[in-house]
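Reminder, nothing fancy here: chain letters follow the sequence lines and each chain counts from 1. Note that the coordinates shown come from a computational prediction; the quantities given were computed from them, not determined experimentally.
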Amino acid sequence: MDGTLISMDNGPLQAIEDTKKAIADTNVNVIYEASFKYGEVFIRADILERGNQGWFLTEVKSSTECKDQHIPDVAIQTWVIKMCGVELEGEYLQFINNEFMYQGDGNFMGLFAWQDITASVSGIIEDMAGKKDLFIRMLDGDLPQIKMGSQCKKPYKCDYIDYCKQSGPKYPVSILPNGWRAAQKLQDQGIDDVRDIPNGFLTSEKQKRVREVTISGKPHLDPEATSILKKLGWPRYYLDFETIGFAVPHWKKTRPYMQVPFQWSCHIYHKNDHSDHKEFLDITGNDPRREFAESLIACCGDEGPIIVYNESFEKSRIRELAEAFPDLSDELLALNARVFDLLKIMQKHYYHPSMMGSWSIKSVLPALVPELTYSTLVGSVHDGSEAQVAYYDAISSDADLRVRQKISSSLLEYCKLDTLAMVKIADALHNYQSGH
DNA sequence: ATGTTGAGGCGTGGAGGCTA
DNA sequence: TAGCCTCCACGCCTCAACAT
């Protein structure tokens, strides 16, 4: 849709002036980033469309539904615009329709969905002046005296979490796994630290283990874990995927936010101690799925456990590949039948006080295999989200060959370390009694 | 941002047992 | 034997945790 974009290049005051001119100009029917200021509040509206009696305001979100927190976001904009004397006829939220399937033809009709939120907005706008004053007072005042809680992460993660943690307990009760209800009860009783939880309070086995290990300071490993691992067959495939999920689909037959796999790493260990590493990475920018699937099948042979961390992720990707390529379906699904989940073993049988209630591979590795660390990675990729950014940079048309090669080696290095981490974790479990 | 899985709490309903 | 209580299993729901 053609319209006038209000630039911020010359500062907010100029943007406000430009907005006034655009509104006065009856040839302009759509304004992007229209800018307004009322009192201390400056806002930029994503889309304004001229209607018969006034304007329609549309806020664009990358989420896939209208969420509670979006309403006050639009309400404050609505309030500022109305206070500036501009008439609004209604407010809309525009978001991503994640059922949209791209057909690869450049046609994105259906990618977006809209919701009329005029009623919800007007329901809270009466209160807006008071709310605004409250927020201004809070910003001007001292640090709020409030304990950490769910508000630190929901609906968005707060930037000051690390700061606040410094003054809190060393092992807050919020680290209890699936323990939000228990944590609430404990905090109501004035208990903030896991080490202060009275014996007998917790009922879940996992939570009890966290409490006991935290108090004793000694890691716990159930010998059952060792015997389960020793029973696994050969050869052993340690496998990890990297994927990318675009809000706006890039390739035919993909949906918004669909996790498209573009890279895998596999360490293969044979019974005779012989080992091998294989990998796949496609940064051509073409749909990587077909070659990903074919190379994976070729790598994994037809017997031996395929060891992953959090099996639902890799299994789901393989299932999606099987749906995308019916001719490979049988071979792909045969891989899924061999998948063994290292995460489940860890959750059931291991805990170290430094894990702080988390069994993610990034928490388990430093506890169990401290000599292997992601910080040794020299490239720009240290976790899954950075892998996505790096992949996107690599396939972007403006990336030259040298940049691509650098990104490629960073990605390969990172994914290889992820599977090596699983190898070392499994080794550590194997040798636990003798070592440690 | 996604999807999958599992934990834990709560309500429901059937089985079994007690009493009048 | 009718009526009522208790207990436990099960299903449903919400939330959290994990991967990217």
Problem set entry | Charged N-O contact under 4.0 Å between A/Arg211 and A/Asp193 |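 Not counted as a salt bridge, because no side-chain N and carboxylate O are separated by less than 4.0 Å.
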Any side-chain N or O of [X] below 4.0 angstrom from OP1/OP2 of [N]?
| X | N | value |
| --- | --- | --- |
| A/Ser204 | B/dG8 | yes |
| A/Ser358 | C/dC18 | yes |
| A/Gln347 | B/dA7 | no |

From [atom1] of [X] over to [atom2] of [N], roughly how many Å is that when rounded to an integer?
| X | N | atom1 | atom2 | answer |
| --- | --- | --- | --- | --- |
| A/Glu311 | C/dA19 | CD | P | 13 Å |
| A/Leu321 | C/dT20 | CG | C1' | 14 Å |
| A/Gln388 | B/dA1 | CD | P | 13 Å |
| A/Leu239 | C/dT20 | CG | P | 12 Å |
| A/Leu281 | C/dT20 | CG | P | 15 Å |
| A/Phe241 | B/dT4 | CZ | C1' | 15 Å |
| A/Leu342 | C/dA19 | CG | P | 11 Å |
| A/Asn336 | C/dA19 | CG | C1' | 15 Å |

Give [X] one of three labels, base, sugar-phosphate or nothing, depending on what nucleic acid heavy atoms sit under 4.0 Å from its own.
| X | answer |
| --- | --- |
| A/Ile244 | nothing |
| A/Lys344 | sugar-phosphate |
| A/Gln259 | base |
| A/Ser385 | nothing |
| A/Lys61 | nothing |
| A/Asp418 | sugar-phosphate |
| A/Asp240 | sugar-phosphate |
| A/Glu205 | nothing |

Problem set entry | Name of the residue among A/Lys278, A/Glu279, A/His277, A/Glu413 meeting side chain to side chain donor-acceptor pair (under 3.5 Å) with A/Ser265 | A/His277
Exercise. Between A/Phe313 and A/Gln207, which is nearer to the 5' end of DNA chain B once each is assigned its nearest nucleotide?
Worked result: A/Phe313
For this session: Mark yes or no: A/Lys362 above the aromatic ring of A/Tyr374, with NZ or CZ under 6.0 Å from the six-membered ring centre and no more than 45 degrees from the axis.
Result: yes
Exercise. Is there a side-chain contact between A/Met346 and A/Ile425, using heavy atoms and a 4.5 Å cut-off?
Worked result: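 Yes, side chains in contact.
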Problem set entry | Between A/Gln69 and A/Tyr156: side-chain donor-acceptor atoms closer than 3.5 Å |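 The answer is yes; a qualifying pair exists.
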Exercise. Using a distance-only test with no angle check, is there a side-chain donor-acceptor pair under 3.5 angstrom linking A/Asp73 and A/Gln77?
Worked result: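 Yes, A/Gln77 and A/Asp73 have a side-chain donor paired with an acceptor closer than 3.5 Å.
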Problem set entry | salt bridge (Lys or Arg N to Asp or Glu O under 4.0 Å), paired with A/Glu311, selected from A/Arg317, A/Lys344, A/Arg338 |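 The residue from A/Arg317, A/Lys344, A/Arg338 that satisfies salt bridge (Lys or Arg N to Asp or Glu O under 4.0 Å) with A/Glu311 turns out to be A/Lys344.
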Problem set entry | Nearest-neighbour nucleotide for the A/Thr243 side chain, C/dT20, B/dT2, C/dC18 considered | C/dT20
Exercise. Which of these nucleotides, B/dA1, C/dT20, B/dG8, is closest to any side-chain atom of A/Ser63?
Worked result: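 The answer is B/dA1, which lies nearest to the side chain.
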For this session: Would you give a per-nucleotide map of nucleotides 8-16 of chain C, 5' to 3', where B means the base has a protein non-hydrogen atom under 4.0 Å away, S means only the sugar-phosphate does, and - means neither?
Result: -------SS
Seminar exercise, completed: Exactly one of A/Trp251, A/Phe100, A/Tyr102 clears ring-ring contact (aromatic ring centres under 6.0 Å, His included) with A/Phe246, and that residue is A/Trp251
